[in-house]
Amino acid sequence: MKYIAYKENTLLCEDVPLSELAEEYGTPLYVYSKNQIIEQYRYFNNALGDPRHRVCYALKANANHHILKLLANEGAGADVVSAGELFLALKAGFSPAVTVFAGVGKREDEIEYALKQNIFSFNVESVSELHTISRVALRCGTKARISLRINPDIDAQSHPYITTGLLSTKFGIEASKALEVYAYAATLSSLELVGVHTHIGSQITRVEPFIATANYITGLVGKLRETGIHLSHIDFGGGFGVQYVNAVEHEAIKQEENPNSTVPTPAEFLGAVLPILQTTGCAVWIEPGRSLIADAGVLITRVISVKENTNKKFVIVDAGMNDLIRPSLYQAYHQIVPLSISTYESEKVDVVGPICENTDFFARERMLSKTNAGDCLAIMTTGAYGFVLSSNYNGRLRPAEILVNGDRVRIIRPRQLMGELE
Ligand code: LLP
């Protein structure tokens, strides 16, 4: 299922050489493979098996309208965290009946909008939020379906900035209070208690934290039943990691020798937790973002210049941290490769952007194929948390986005124009 790969010495997205796209549409440029997105969704959906189970795409990973439409057409549900994301989801055709609303700080107007759209459920983060949702539901003369997001205090073993299942983080209701808060929520007449929600973090690369979470949830659902509270729905969250190293292979490109590089497949993650969760008889929904879309995208950038200091070489490219912030924010690794292989020589370099910050880098001390000004590079595995986190910092225009389907190419977001900076 690798739709972005080398054919001889040319990097292709499906049937289209990426160098042709760089020439035609300019750089920096996000390019996505339509078939990779669809196949990855189907792969997840098949791995879930039972038709009551559901994949709810976490819009925060990539909210381009045309990509959302692809997933909505496939029948995916939506995981949203703001009125804005709900608006985008509905506009793209996601059904409110399979939409869940998460997030630690929902405003009253956002709750009211979601209630009026009749979404499936709110994932509630605190007792005070229970009160707010209950009040808004009363005011609107309706009932709100809710799940409680429980923080199980399980370490996702990911980057601390994207770890959300520990008590030291702001997320969810602490596990020790879960029974008490469920009992209280059951007394609020404008709420309908449907389920339980967890999301312990992102880019999780081991099955163990997920297994611990599944065991916790199963135990909780059982204990609640003993108290007369019968849940029908488990929202297991997202967080399934993807493999960033060695995303593409070519004999001219040095492969990373990273012992932690093998990440379980979605089928392996789900295979480890579904049998546990299914013992509850509940419908199981998951909220993957990254693992649905990361592999389907690349960021194309052009080398502006190569600069040598006494003991360092910098490859200065025309994309910056304003286009892709993951390396700056999480010291995240993305493989960087040439669009056309013209040499088997490599050298140790820093790949940096044009922004006036020392954190504006894509790779440090990395062995990269020898490159010159004017060459184009692909920053791999950037379909998720790429464009959505882009900004106009330093007066830089947001890049264009392109969707490739076989040999067909479509602009799904034009490059921002100077006039739009005002
Ligand atoms: N559900 C909830 C409640 C979430 O907070 C998130 C992500 C997801 C689902 C989707 O998680 P995923 O399957 O994509 O791991 N900007 C960071 C990632 C932040 C994730 C925030 N929450 C990055 O670039 O690594």
Side-chain angles (χ1 to χ4, degrees), residues 1-37 62 64 66-67 244 246-255 293-306 313-320 323-324 327 334-347 349 351-354 362-363 366-383 386-387 390 396-416:
M1 206 215 299
K2 278 206 161 180
Y3 283 97
I4 302 175
Y6 282 104
K7 189 170 178 197
E8 286 153 17
N9 291 330
T10 304
L11 190 62
L12 302 184
C13 178
E14 304 210 8
D15 300 333
V16 180
L18 286 165
S19 50
E20 283 179 13
L21 297 180
E23 288 308 321
E24 173 99 26
Y25 301 102
T27 53
L29 183 71
Y30 275 101
V31 181
Y32 309 102
S33 154
K34 176 177 177 178
N35 288 293
Q36 173 91 30
I37 299 168
N62 185 326
N64 183 289
H66 297 270
I67 289 176
Y244 282 99
N246 304 335
V248 284
E249 291 174 9
H250 186 285
E251 57 183 8
I253 292 174
K254 196 185 157 302
Q255 297 289 289
I293 190 89
D295 285 344
V298 282
L299 173 60
I300 308 301
T301 185
R302 195 179 284 277
V303 178
I304 295 177
S305 63
V306 178
K313 198 163 190 174
F314 296 98
V315 172
I316 301 167
V317 296
D318 68 356
D323 300 303
L324 175 70
H334 288 269
Q335 189 185 19
I336 303 177
V337 295
L339 298 194
S340 309
I341 305 266
S342 55
T343 173
Y344 276 55
E345 270 182 85
S346 51
E347 57 188 348
V349 296
V351 181
V352 299
F362 295 113
R366 175 93 58 87
M367 289 305 287
L368 192 80
S369 294
K370 223 165 176 213
T371 188
N372 298 303
D375 291 347
C376 276
L377 303 172
I379 307 181
M380 299 301 299
T381 327
T382 43
F387 184 92
S390 66
R396 296 174 49 80
L397 304 174
R398 284 199 170 80
E401 292 179 289
I402 300 282
L403 188 65
V404 174
N405 176 16
D407 60 2
R408 277 172 296 163
V409 171
R410 180 166 183 199
I411 304 176
I412 56 170
R413 191 188 313 265
R415 187 175 303 284
Q416 219 180 1

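Nothing fancy with the numbering, it's 1 onward along the sequence. Values reported hereafter were calculated over all heavy atoms of this structure, with side chains retained and with hydrogens, waters and symmetry mates removed.
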Point to revise | Student check: side-chain heavy atoms of T27 and V317 closer than 4.5 Å | key: no
Review point. Of all heavy-atom pairs between K313 and V306, which one has the smallest distance, and what is that distance?
Key: CE-CG1, 3.6 Å
Check your understanding: Nearest 0.5 Å, what's the CD1-OG distance between I336 and S369?
Key -> 11.0 Å
Check your understanding: Any side-chain heavy atom of I4 within less than 4.5 Å of one from Q36?
Key -> no
Check your understanding: Can you name the closest pair of heavy atoms from P17 and T10 and give their distance?
Key -> CB-CG2, 3.7 Å
Check your understanding: Listed by chain and number, what are the salt bridge (Lys or Arg N to Asp or Glu O under 4.0 Å) partners of E20, not counting sequence neighbours?
Key -> none
Practice item. Would you check if there is a donor-acceptor pair between the side chains of D323 and S390 at a distance under 3.5 Å? Key: no
Check your understanding: With side chains defined as the heavy atoms from C-beta onward, is the minimum distance between Y344 and E251 less than 4.5 Å?
Key -> yes
Exercise for review: Evaluate the side-chain proximity of L299 to H334: yes if any heavy-atom separation is below 4.5 Å, no if none is.
Suggested key: no
Exercise for review: Over all heavy atoms of both residues, which pair between Y6 and H250 is shortest? Give the atoms and the distance, please.
Suggested key: CD1-CB, 3.7 Å
Practice item. State, with a plain yes or no, whether a side-chain heavy atom of I253 is found less than 4.5 Å away from one of P338. Key: yes
**Study point:** Spacing of CD belonging to E23 relative to CG belonging to L29, to within rounding of 0.5 Å
**Key:** 11.5 Å
Review point. Is there a donor-acceptor pair closer than 3.5 Å between any side-chain N or O of R415 and the backbone N or O of G26?
Key: yes
Point to revise | Atom pair CD (E24) and CD1 (I411), whose distance is rounded to the nearest 0.5 Å | key: 8.0 Å
Pairs of donor and acceptor atoms involving the side chains of residues 400-409, under 3.5 Å and at least two apart or interchain, shall be tabulated with distances.
{"from": "E401", "atom 1": "OE1", "to": "N64", "atom 2": "ND2", "distance (Å)": "2.9"}
{"from": "E401", "atom 1": "OE1", "to": "R413", "atom 2": "NE", "distance (Å)": "2.7"}
{"from": "E401", "atom 1": "OE1", "to": "R413", "atom 2": "NH2", "distance (Å)": "3.3"}
{"from": "E401", "atom 1": "OE2", "to": "Y32", "atom 2": "OH", "distance (Å)": "2.5"}
{"from": "N405", "atom 1": "OD1", "to": "N35", "atom 2": "ND2", "distance (Å)": "3.1"}

Exercise for review: Check for a donor-acceptor pair, side chain of T301 on one end and backbone N or O of D318 on the other, with a separation under 3.5 Å.
Suggested key: yes
Point to revise | Value rounded to 0.5 Å, distance of CZ in F362 from OG1 in T382 | key: 9.5 Å
Review point. If you look at every heavy atom in Y244 and T381, which pair is closest and at what distance?
Key: CE2-O, 3.4 Å
Review point. Distance from K34 atom NZ to C13 atom SG, nearest 0.5 Å?
Key: 12.5 Å
**Study point:** Within-4.5 Å side-chain heavy-atom neighbours: V303 and L377
**Key:** yes
Practice item. Go through the steps to decide whether N9 and S340 satisfy the test side-chain hydrogen bond (donor to acceptor under 3.5 Å, both in side chains), and finish with yes or no. Key: CA-CA 6 Å; N9 291 330; S340 309; over 6 Å; no
Check your understanding: Which heavy-atom pair separates A22 from I300 by the least distance, and what is that distance?
Key -> CB-CG2, 4.0 Å
Point to revise | Distance-minimising heavy-atom pair for Q335 and R366 | key: CA-NH1, 3.9 Å
Review point. Say you draw a straight line from CG of N246 to NZ of K254; how long is it, rounded to the nearest 0.5 Å?
Key: 9.0 Å
Review point. Does R398 offer a backbone N or O that forms a donor-acceptor pair with the side chain of Q416 under 3.5 Å?
Key: yes
